[in-house]
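Encoded as structure tokens, the structure appears first; notes follow it.
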Amino acid sequence: MGNPRRQSFLSGAMVLTATIAVTKVIGALYKIPLGNLLDSEGMAHFYAAYNIYRLLLTLSTAGLPLAMSRMVSEAEALGRENQKQRIFRVSLGLFLLLGAVCSAGMYLLSAPLSDLLHDAPAHTAVQVLAPAVFFVCLMAPIRGYTQGQGNMRPTAASELVESLSKAVIGYLLAWWLLRRGLPRHIAAAGAIGGVTVATALAFLALALYLLTHQGRRPSRDIPESRRSILRRLLRIGIPITAGACGMSIITLLDTSLVLGTLQRSLGFSQAAAAALYGEYTYGVNLFTLPASLISPMTISLIPAISAARARNDLSAARRHTSAAFRFTALLALPLGIGLSALARPILDLLYPEIPQTAAAAASHLTVLGIASIFVCLMTLTGGILQSHGRERIPLWTLLFGGLVKILSNYLLVGDPAIGIRGAAYSTLLCYAVIAALNLFAVARVVAERPGYVSVFARPLLASLVMAAGARAVFGLLGRVMSARPAALLAALAAVAIYAVLVPAMGVIRREDLISLPKGDKFADFFHIR
């Protein structure tokens, strides 16, 4: 496995962010027509299976690849080639075992897991999705190894393969099953089967990269023992995994508690509760968009800060932390506020075949758009704390946020005057609490973090002006044209307004852009100093 040219922290983050943006577009081409095809009941079955998959996936791959990339980046910074190779081999064996256990467990326990979520028909989709966990576990050590060397391109390429395959295969399977007259829970299983096939194809793409980029630099360093590497990998990775699992567990608790409360406390049937929760998932689908664009920042940030600290270069660690905060504010605030301000127009634009479902989901997205900002802050601050060796802090804050989620779900969803709308409010409370606790922890333990007011004030003001302008454009255009083109033009107006405000208000600095490809030319074009 060669030593590809190391990308800068922001360059690597932008490669992954651009990839995620493309995969989200592909995902929209998949989930939006899929939502129109399956409607709320079918999508409820789809997400019940997917949430179980996400928990097992997080359990097996969330923390350990980040721990591996951190260890590889430290070895890379110190020129320890043999140490890097041994870290990879030890990690590969561990991931093979984890993948086999989690995949088998998901398949064999599909029925009780579906019953736990109060969605028994989803068990077929759970079984179909089980092998995907194994393939993702096979990809994890390759991604961790290349990310640790600052090379984000293999991860980006495999994610594109996975996203495109999932969209094409999943939609065609669901469409074909429905045309044959099969029920929606079987069509949902077909749709989610596209995920399984896509993960297998993405693994093959990464394996091909590995085979064609073999080779190593000569080195005389003596690597640590396999037991020592495994022990350190688990010591770093388990708290990160537990913290990341906390988020997936919160999602599963949300599904189980909301569906259970709707049935027990409010008297809905299983099908009626699934339909209501399905409406909520249409808002959740967009709610996850901002955080998915911030996750690449964390993936690049952890090995970059770890390498800087291994070299005792605190100045570089400070630059990375400051830039990550500013770019998170630059992306998260306009996306979250924009989703909230234009919730109804966006959903009407995306789901024209099911206008009643889109209208019901709009009230959820209005709240979830704001909640997405706190998810982004939680993701960023968790990565900063992990890169500074404080892996346990994000775990405890997630556990506390989970308790807030459980309590607020019970009180809000069980209130007949609020009902399903309480799920969105409890999600907002949960992630706001976690983000606030993480920001407080970063302020206490990370000396090189920037001032919060200087980071967030200008992007927040620019985002509010953008949202007000977009709402005004939609209101004016809605008088002379139909809602769908008015919504599209309002969204484009929001992008244009924010693009003008960012350089005009000094939201981003020249030193941030210089780290990006062609960043100096971009800064000169917009006169950013």
Legend entry - Candidates Leu365, Thr427, Leu368 - the one meeting side-chain contact (heavy atoms from CB on, under 4.5 Å) with Val284: Leu368
Legend entry - Shortest non-hydrogen contact from Pro154 toward Leu206: O-CD2, 3.6 Å
Legend entry - Value rounded to 0.5 Å, distance of OG in Ser426 from CG in Leu412: 6.5 Å
Legend entry - Val413 side chain reached by Ile420 side chain, heavy atoms, under 4.5 Å: no
Legend entry - Other residues, nucleotides, ligands: >12 heavy atoms within 6.0 Å of Tyr425 OH: no
Inset, instruction - Please tell me if the side chains of Leu289 and Ser372 come closer than 4.5 Å, counting only heavy atoms from C-beta onward. - result: no
Inset, instruction - Name all residues meeting the salt bridge (Lys or Arg N to Asp or Glu O under 4.0 Å) criterion together with Arg344; count only those two or more places apart in sequence or in a different chain, and write none if there are none. - result: Asp348
Inset, instruction - List the steps and the verdict of side chain to side chain contact (heavy atoms under 4.5 Å, CB included) for Val442 and Leu385. - result: CA-CA 7 Å; Val442 168; Leu385 290 167; 3.9 Å; yes
Legend entry - Nearest atoms (heavy-atom pairs only) where Tyr498 meets Leu330: OH-O, 2.9 Å
Inset, instruction - Could you verify whether a donor N or O on one side chain and an acceptor N or O on the other, from Tyr431 and Thr379, lie under 3.5 Å apart? - result: no
Inset, instruction - Before giving the answer on side chain to side chain contact (heavy atoms under 4.5 Å, CB included), spell out for Phe287 and Val375 the whole-Å C-alpha distance, their side-chain angles and the decisive distance to 0.1 Å. - result: CA-CA 9 Å; Phe287 154 74; Val375 177; 3.6 Å; yes
Legend entry - Within 6.0 Å of CZ in Phe440, more than 12 heavy atoms from elsewhere: no
Compile the donor-acceptor pairs under 3.5 Å between side chains in residues 334-342 and protein atoms, sequence neighbours left out, one pair per line.
residue : atom : partner : partner atom : Å
Ser340  : OG   : Thr366  : O            : 2.6

Inset, instruction - Work out which heavy atom in Ala470 is nearest to a heavy atom in Ala494; give both atom names and the distance. - result: CB-CB, 3.8 Å
Inset, instruction - Would you give the length of the straight line joining atom CG of Leu398 to atom CD1 of Ile393, rounded to the nearest 0.5 angstrom? - result: 12.5 Å
Legend entry - Glu162 side chain reached by Met139 side chain, heavy atoms, under 4.5 Å: yes
Inset, instruction - Name the orientation class of the two ring planes belonging to Phe325 and Tyr452 (parallel below 30°, tilted from 30 to 60°, perpendicular beyond 60°). - result: tilted
Inset, instruction - Applying salt bridge (Lys or Arg N to Asp or Glu O under 4.0 Å), name anything that partners Arg184, two or more places apart in sequence or on another chain. - result: none
Legend entry - Working for side chain to side chain contact (heavy atoms under 4.5 Å, CB included), residues Leu429 and Lys405: CA-CA 7 Å; Leu429 288 172; Lys405 178 67 171 166; over 6 Å; no
Legend entry - Rounded distance [0.5 Å steps], CZ in Phe374 versus CG in Leu428: 6.0 Å
Inset, instruction - Verify whether one side chain among Ser110 and Gln127 offers a donor that lies under 3.5 Å from an acceptor in the other. - result: yes
Inset, instruction - Taking all heavy atoms of Met378 and all of Ala435, pick out the closest pair and write down the distance. - result: N-CB, 4.2 Å
Legend entry - Distance in Å, Phe400 CZ paired with Ile434 CD1, rounded so as to fall on 0.5 Å steps: 10.0 Å
Inset, instruction - Supply the atom-to-atom distance Ile373 CD1 to Thr328 OG1, rounded to the nearest 0.5 angstrom. - result: 12.0 Å
Inset, instruction - Quick one: closest heavy-atom pair of Pro345 and Ala487, and the distance? - result: O-CB, 3.4 Å
Inset, instruction - Go through Leu129 and Met106 one step at a time and tell me if the side chain to side chain contact (heavy atoms under 4.5 Å, CB included) criterion holds. - result: CA-CA 8 Å; Leu129 193 54; Met106 186 173 176; 3.8 Å; yes
Legend entry - Minimum heavy-atom distance between Ala490 and Phe474, given as atom pair plus value: CB-CB, 3.7 Å
